[in-house]
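Order of appearance sets the numbers: ligands from 1, and atoms from 1 within every ligand.
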Amino acid sequence: MMRIDLHTHSRASDGTDTPEALVKRAKAAALDVVALTDHDTFDGLAAAHAAAIRVGIGLLPGVEISAQLDGVSVHLLGYGCDTANLRLGGELRKIRTGRERRMPTMLAKLEELGMPVTLADVHAQSGGSPSVGRPHVADALVAKGYIASREEAFAGFLDDGGAAFVPRYSVEVVRGIRLIHGAGGVAVIAHPWGRVSRAVLTPDVLARLRNDHGLDGLEVDHGDHDQADRAQLRALAKQLGLLVTGGSDYHGDGKTGHDLGSETTAPGIWAKIADRSG
Ligand code: AMP
Ligand code: FE
Ligand code: FE
Ligand code: ZN
C-alpha cells in the first residue's frame, strides 16, 4: 500500500526543515508521495522537486492559502496549481505583504508584555522565508530566552485572540477556491474542524462551497480532528461528493505531534488529485 502525506511545511514558510531535508525525511519515513504545502508561497517547490527526483519519491506540488470566512481563519490547500499563474501569484504576494505588515504591531504588543524582540530578530529566525508568521516570532522569543518553545507562545499569547495576536489580510475562501481552479489546481479545505475554522464551516456551509463554488475536497485525516469529527466529516464528504484527504501538517521541529506520515491519503484519492490538476 502506498503511503501518501499531503500536508507538510518547510523553511519556505514556518517549517524548520529545508525542502531538501523534508523530502529526505519523507523517504526515511517510508512515504511514497509527499505534498509540500507551505503557507502562501511556492518558494520551496523547485528545491523539493529536485530532491524528490534524487531520492526517488513522488512530490505533489501544493500550497496552503490563508483564507477566511466571515472574518474567521480558514486554510485552503491548493494542489497542482500552475506556479506561474499571475492571479494566484498576485494574491499570494498580497497575503505575504499582509504578513509583513502586521509584524510591527505584534512586536509592540510583545514589548508591552515585557518580551521585546526586533523585526531583525524575527527575520533572523525566518531566514529566507518570504512568508513570515507567528511561529517565527515565537522562535525569536525562544532565542531571547523568554519562553522555551513555539507551543508555549501559542498557549500563552500568540494564539488567535491572544494578548499579542494581530490579525492580517487573508483571501475570502470562495475567491481562494476560484483562484486555485483558475491556476488548474485542486482545492481542499485543510483541517476544516480544527480549533479556529470549525465555528464557521458548518455542514450547510461546506455543502454550499461544494455545490455553488466547486470545492474539491476536505482534509478529514488531520491531528486536529478526533475520531468523531473524522466520522462525521467522512460521511459529509461522501454525501457531497468531496475527496477525502489526510496529511500530517508536519512543521519539522516546529510543531509536536505532527510527524511525517502520521496522517495519510488513500492512493486512489491521490491519483484523482494528480489527474485533475496541472
Ligand atoms: P500565522 O500564519 O502567522 O497566522 O501563524 C499561524 C501558524 O502558526 C499556523 O500555520 C500553525 O502552523 C502555527 N501554529 C499554530 N499553533 C501552533 C502551536 N501550538 N505550535 C506551533 N505552531 C503553531
Ligand atoms: Fe504553519
Ligand atoms: Fe493550516
Ligand atoms: Zn499546515
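- Close N/O approach between Asp159 and ligand 1 is not found [any backbone or side-chain N/O within under 3.5 Å].
- A distance of 9.0 Å separates CG of Asp38 from CD of Glu64, quoted to the nearest 0.5 Å.
- Between Asp224 and Arg195 there is no salt bridge, since no side-chain N of the basic residue sits under 4.0 Å from a carboxylate O of the acidic one.
- Within the structure, the closest approach of Arg102 to ligand 1 falls below 4.0 Å when heavy atoms are considered.
- Not a single N/O/S atom of His7, whether from backbone or side chain, sits less than 2.8 Å from the Fe ion (ligand 3).
- Interatomic distance, Ser197 OG to Asp70 CG, rounded to the nearest 0.5 Å: 12.5 Å.
- Looking at atom 15 (C) of ligand 1, its nearest protein heavy atom turns out to be Phe154 CE2, 3.4 Å.
- For the residue pair Arg11/Ser129, the side-chain donor-acceptor check at 3.5 Å is not satisfied.
- Residue contact check for ligand 1: Arg168 places a non-hydrogen atom closer than 4.0 Å to it.
- Between the side chains of Thr256 and Arg150, not a single donor N or O lies within less than 3.5 Å of an accepting N or O.
- Side chains of His123 and Glu100: a donor-acceptor N/O pair is present below 3.5 angstrom, by distance only.
- None of the N, O or S atoms belonging to His191 lies under 2.8 Å away from the Zn ion (ligand 4).
- Using cut-offs of 30° and 60° on the angle between ring planes, the pair His39 and His75 is perpendicular.
- A donor-acceptor contact under 3.5 angstrom links the side chains of His251 and Asp14, judged on distance only.
- At a threshold of 2.8 Å, the Fe ion (ligand 3) has no backbone or side-chain N, O or S atom of Asp249 nearer than that distance.
- Of the heavy atoms in Thr256, none comes closer than 4.0 Å to ligand 1.
- Angle subtended at the Zn ion (ligand 4) by Glu64 OE1 and Asp249 OD1: 170°, rounded to 10 degrees.
- No hydrogens or angles considered: a donor-acceptor pair under 3.5 Å links the side chains of Tyr169 and Glu91.
- Looking at His9 and the Zn ion (ligand 4) together, the shortest N, O or S contact belongs to NE2.
- Look at His7 and the Zn ion (ligand 4): an N/O/S atom of the residue is under 2.8 Å from the metal.
- Each of the following atoms of ligand 1 lies closer than 4.0 Å to a heavy atom of Gly133: 3 (O).
- Distance from atom 11 (C) of ligand 1 to its nearest protein heavy atom, with residue and atom name: Lys255 NZ, 3.7 Å.
- In this structure, of His39, His251, Arg134, the residue bringing a heavy atom nearest to atom 5 (O) of ligand 1 is Arg134.
- In terms of protein heavy-atom proximity, atom 20 (N) of ligand 1 is nearest to Glu151 OE2, 3.5 Å.
- When hydrogens are left out, the protein atom nearest atom 9 (C) of ligand 1 is Asp14 OD2, 3.9 Å; that is the closest non-hydrogen contact.
- Using a 4.0 Å cutoff on heavy atoms, Arg99 counts as a contact of ligand 1.
- Near Pro135, the atoms of ligand 1 lying under 4.0 angstrom from a non-hydrogen atom of the residue are 5 (O), 7 (C), 8 (O), 13 (C).
- Under 3.5 Å, the side chains of Asp17 and Tyr250 contain a donor-acceptor pair of N or O atoms.
- The Gly254 neighbourhood of ligand 1 comprises atoms 21 (C), 22 (N), with distances under 4.0 Å to a heavy atom of that residue.
- In summary, the aromatic rings of His213 and His181 are positioned with their centroids too far apart to meet the 6.0 Å limit.
- Centroid-to-centroid, the aromatic rings of His7 and His222 come within less than 6.0 Å.
- Take the Fe ion (ligand 3) as the corner point: the lines to OE2 of Glu64 and to ND1 of His75 open at 90°, to the nearest 10 degrees.
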